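Working notes for the structure below.
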Amino acid sequence: MSMKIPFIKSKQAVNADFDVTENIPDHVAIIMDGNGRWAEKRGLPRIAGHKEGVKAVMNVVRAANHAHVKVLTLYAFSTENWNRPKPEIDFLMKLPKEFLHIYLPELMENNVKIDTIGDFAALPAHTQKAVKYAKDKTKDNDGLLLNFALNYGSRYEIMQAIKQIMDDVDCNKVSVDAIDEDIFSEYLYTNGLSDPDLLIRTSGEKRLSNFLLWQLAYSEFWFTDVLWPDMDEKVFNEALKDYQNRKRRYGGI
Ligand code: IPE
Ligand code: IPE
Ligand code: MG
């Protein structure tokens, strides 16, 4: 039985040294990295790290919920991850179903809405089916938006956007003169979402790996050596606390 965690409205209920009413990022994006190394350190196969990483996803969902983050975008599978060995890919493609099987009741209980960004149609049918079920089931929830980047690649996203805009120009749905940053953004998978305020990457790597290149233009970055399966509410809150002290200038003074 999973424990049911209700929405926590009062700041005291979370953590005394952490004010969840003060400057909380609306949108947090996370590059969940280090599953393989977590497993290798223990002499286990890489997939053991992926399995353990599922628990960390839920740790972070709970933490984000407690802090009233509005959108949590988690990089779960990149367009480049198809380059991995087939057994590892097959395992990763089964994880959404496993995650949802265990946690969908708790997510429903907490009013969490599930969505995805990425090339959904190119996922295996069984993965699509499990995720679509959860999207449908949670579609009317208006709490935390839990957004999985699944088969996501930022360059592909931008290229598709350009092709669609060109089609729309061809058939006079949009004029070239009217295209601006806002209109361009509507052609991206993230249409309707605010840009991430905070990007977190675990495992000590400091690169974007083709994640949200357009959307992260003015985001704050936070890196930790913690490997994804060890990610918990305490580490997530460290990132939030650090974010609370950032000065975002957007080119101003
Ligand atoms: C992140 O962990 C999960 C995915 C990319 C799917 P990795 O599998 O990249 O773990 P490392 O980087 O090899 O340790
Ligand atoms: C980025 O991690 C992709 C995901 C977390 C899903 P990778 O482990 O694939 O990135 P690289 O290869 O180290 O850049
Ligand atoms: Mg990695």
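Numbering of ligands and ligand atoms starts at 1, following listing order. Predicted, not measured: the structure shown is a model, and the values here were computed from it.
Of the listed residues (Ser203, Ser209, Gly153, Gly53), the one carrying the non-hydrogen atom nearest atom 11 (P) of ligand 2 is Ser209.
Nearest to atom 9 (O) of ligand 2 among the protein's heavy atoms is Asn81 ND2, 2.9 Å. Scanning the protein for heavy atoms near atom 13 (O) of ligand 1, the closest one is Arg46 NH1, 2.9 Å. With hydrogens left out, the protein atom closest to atom 2 (O) of ligand 2 is Arg201 NH2, 3.6 Å, a heavy atom. The shortest contact between atom 7 (P) of ligand 2 and any protein heavy atom is with Arg84 NH2, 3.8 Å. Closest to atom 5 (C) of ligand 2, if we only count protein heavy atoms, is Met32 O, 3.3 Å.
Of the charged side-chain nitrogens involved, none lies within less than 4.0 Å of a carboxylate oxygen, so that Lys113 and Asp142 do not count as a salt-bridged pair. Note on Lys132 versus Asp136: salt bridge recorded, some NZ/NE/NH1/NH2 to OD/OE distance being below 4.0 Å. Salt-bridge check for Lys163 with Asp167: failed, with every basic side-chain N at 4.0 Å or more from each acidic carboxylate O.
Residue contacts with ligand 2, taken as heavy atom pairs separated by less than 4.0 Å, do not involve Phe211 at all. At a heavy-atom cutoff of 4.0 Å, ligand 1 is contacted by the side chain of His50 but not by its backbone. Of the heavy atoms in Ala76, only backbone atoms (N, CA, C, O) come closer than 4.0 Å to ligand 2.
Cation-pi geometry between Arg84 and Trp82 is not met at under 6.0 angstrom from the ring centre and within 45 degrees of the axis. Remark: Lys55 fails to qualify as a cation-pi partner of Phe99 under the 6.0 Å distance and 45° angle criteria applied to the six-membered ring.
No other N/O/S atom of Asp33 lies as close to the Mg ion (ligand 3) as OD1 does.
Under a 4.0 Å criterion applied to the non-hydrogen atoms of Asn35, ligand 1 contributes the atoms 1 (C), 2 (O), 3 (C), 7 (P), 10 (O), 14 (O). In the vicinity of Arg207, heavy-atom distances shorter than 4.0 Å reach the ligand 2 atoms 11 (P), 13 (O), 14 (O). Annotation for ligand 2: atoms under 4.0 Å from non-hydrogen atoms of Phe77 are 6 (C).
Considering both main-chain and side-chain atoms, Gly36 comes within under 3.5 Å of ligand 1 through a nitrogen or oxygen pair. Any N or O atom pair closer than 3.5 Å counts here, and Ser78 shares no such pair with ligand 2.
Residue Phe211 is tested with Tyr156, Tyr75, Phe77 for a ring-ring contact (aromatic ring centres under 6.0 Å, His included); the sole match is Tyr75. Among the candidates Arg248, Glu220, Glu238, the single residue satisfying the side-chain hydrogen bond (donor to acceptor under 3.5 Å, both in side chains) test with Tyr243 is Arg248.
Using a cut-off of 2.8 Å, one finds that Glu205 contributes no N/O/S atom close to the Mg ion (ligand 3).
Within a 6.0 Å sphere centred on NE2 of His101, heavy atoms belonging to other residues, nucleotides or ligands number 12 at most. The environment of Arg155 atom CZ is sparse: at most 12 non-hydrogen atoms of other residues, nucleotides or ligands sit within 6.0 angstrom.
Contact between Glu205 and ligand 2 is absent, with no heavy atom of the residue lying under 4.0 Å from the ligand.
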Legend entry - Test log, rule side-chain hydrogen bond (donor to acceptor under 3.5 Å, both in side chains), inputs Glu80 and Asn210: CA-CA 9 Å; Glu80 289 69 37; Asn210 203 13; 3.1 Å; yes
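Ring planes of Phe221 and Phe223: perpendicular class, angle over 60° (limits at 30 and 60°).
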